[in-house]
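Worksheet: one structure, shown below.
Because the structure is predicted, anything quoted here is derived from the model rather than measured.
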Amino acid sequence: NMSENTQDMSTNETASQIDENGTIQTSEGGGTSISRAENVITVLDDASKLAIKKTDMDGTQIEDTITDEDGVTTDNKAQFTLAAISEGVTLNGVKIGGTEITDDSTSYTFEGNLTEIEGLKNGTYTLEEITAPKGYVVISKFEFTIANGVVVTGSIKAETDGDMKEYVSSDGTVMIVKNDKEAVTT
């Protein structure tokens, strides 16, 4: 009998609870799915983990720093702005490179050539490259959709200023942004 006990369930840091009326309460709306088969109720909280990885056209990871022939090391990180464009979707609770967003903002600017983004809710987002690593062409912007914690295959649309190719890993957890090198003028 459900009214005699209360069960707590938690997955991926999002708590769900069945109250005395048998109603499932979740602490977070995005990405929570509830299914019932026979007498088993399953609650899945999909906390996405998406890595944004910068590579050259050959697929080689672009390093965050570069060292010249004189031994001087300089910053070489790309700068991006991530924006939630679906109505009602914010970045609240999302972690970008270890920084948690704690307000209802819909965009956030970060830098890095390999950045992990955790907790994107179901919806459509844009990722715009503001600054490319040194010697590479800036891409303008691309759009992608998250469903059940992963990038939806085929959902990426790009508007680009250069010969940019983006790929998503087969499991939808890594977005690879490839940049062409700048043309060398003499």
Side-chain angles (χ1 to χ4, degrees), residues 12-13 30-31 46-86 89-146 149-153 155-186:
N12 291 343
E13 299 177 10
D46 297 314
S48 67
K49 278 192 181 180
L50 174 66
I52 306 294
K53 181 179 181 182
K54 291 287 305 170
T55 72
D56 63 17
M57 295 306 281
D58 296 328
T60 304
Q61 172 76 44
I62 299 172
E63 296 301 321
D64 281 347
T65 58
I66 49 175
T67 304
D68 65 17
E69 57 275 358
D70 296 328
V72 178
T73 301
T74 53
D75 185 55
N76 195 39
K77 294 177 186 155
Q79 186 179 56
F80 294 98
T81 297
L82 175 72
I85 59 173
S86 292
V89 176
T90 70
L91 297 177
N92 196 341
V94 173
K95 287 183 188 164
I96 300 177
T99 302
E100 185 168 355
I101 298 166
T102 57
D103 60 21
D104 284 335
S105 57
T106 56
S107 71
Y108 183 80
T109 299
F110 64 94
E111 56 181 32
N113 297 337
L114 181 59
T115 304
E116 191 167 89
I117 301 173
E118 293 182 64
L120 288 175
K121 295 163 191 73
N122 289 346
T124 302
Y125 298 83
T126 59
L127 185 70
E128 182 174 8
E129 186 174 27
I130 309 299
T131 309
K134 287 177 181 53
Y136 291 88
V137 178
V138 171
I139 61 166
S140 55
K141 184 189 284 189
F142 57 98
E143 185 179 297
F144 61 96
T145 301
I146 294 285
V150 296
V151 176
V152 175
T153 308
S155 73
I156 296 180
K157 298 181 202 125
E159 43 181 271
T160 174
D161 295 334
D163 181 13
M164 186 280 295
K165 293 179 182 170
E166 29 54 35
Y167 298 99
V168 177
S169 61
S170 59
D171 63 1
T173 62
V174 180
M175 193 175 312
I176 301 164
V177 182
K178 294 188 174 192
N179 282 78
D180 229 353
K181 292 197 172 188
E182 290 174 340
V184 178
T185 52
T186 53

Closest heavy-atom contact between [X] and [Y]?
| X | Y | value |
| --- | --- | --- |
| E129 | V138 | O-CG1, 3.2 Å |
| G112 | K77 | N-CB, 3.8 Å |
| L114 | A51 | CD1-CB, 4.5 Å |
| K134 | N76 | N-OD1, 2.7 Å |

Donor-acceptor pair, [X] side chain versus [Y] backbone, under 3.5 Å?
| X | Y | value |
| --- | --- | --- |
| T145 | T124 | no |
| D64 | N113 | yes |
| D58 | T60 | no |
| D70 | V72 | no |

When rounded to the nearest 0.5 angstrom, what is the spacing between [atom1] in [X] and [atom2] in [Y]?
| X | Y | atom1 | atom2 | answer |
| --- | --- | --- | --- | --- |
| K49 | L120 | NZ | CG | 12.5 Å |
| I130 | Q79 | CD1 | CD | 6.0 Å |
| E143 | E128 | CD | CD | 12.5 Å |
| I96 | E118 | CD1 | CD | 10.5 Å |
| I101 | N92 | CD1 | CG | 8.5 Å |

Is the ring pair Y108/F110 parallel, tilted or perpendicular, if the boundaries are 30 and 60 degrees?
parallel
Quick one: are L50 and F144 in side-chain contact, heavy atoms under 4.5 Å?
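SC-SC contact between L50 and F144 confirmed.
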When T102, I117, L82 are each screened for side-chain contact (heavy atoms from CB on, under 4.5 Å) with L91, the one that passes is L82
Can you spot which of I85, T126, T81, T90 makes a side-chain contact (heavy atoms from CB on, under 4.5 Å) with S107?
T81
Heavy-atom count around K181 NZ within 6.0 Å, excluding the residue itself: above 12?
no
Before giving the answer on side chain to side chain donor-acceptor pair (under 3.5 Å), spell out for D103 and S105 the whole-Å C-alpha distance, their side-chain angles and the decisive distance to 0.1 Å.
CA-CA 6 Å; D103 60 21; S105 57; 2.8 Å; yes
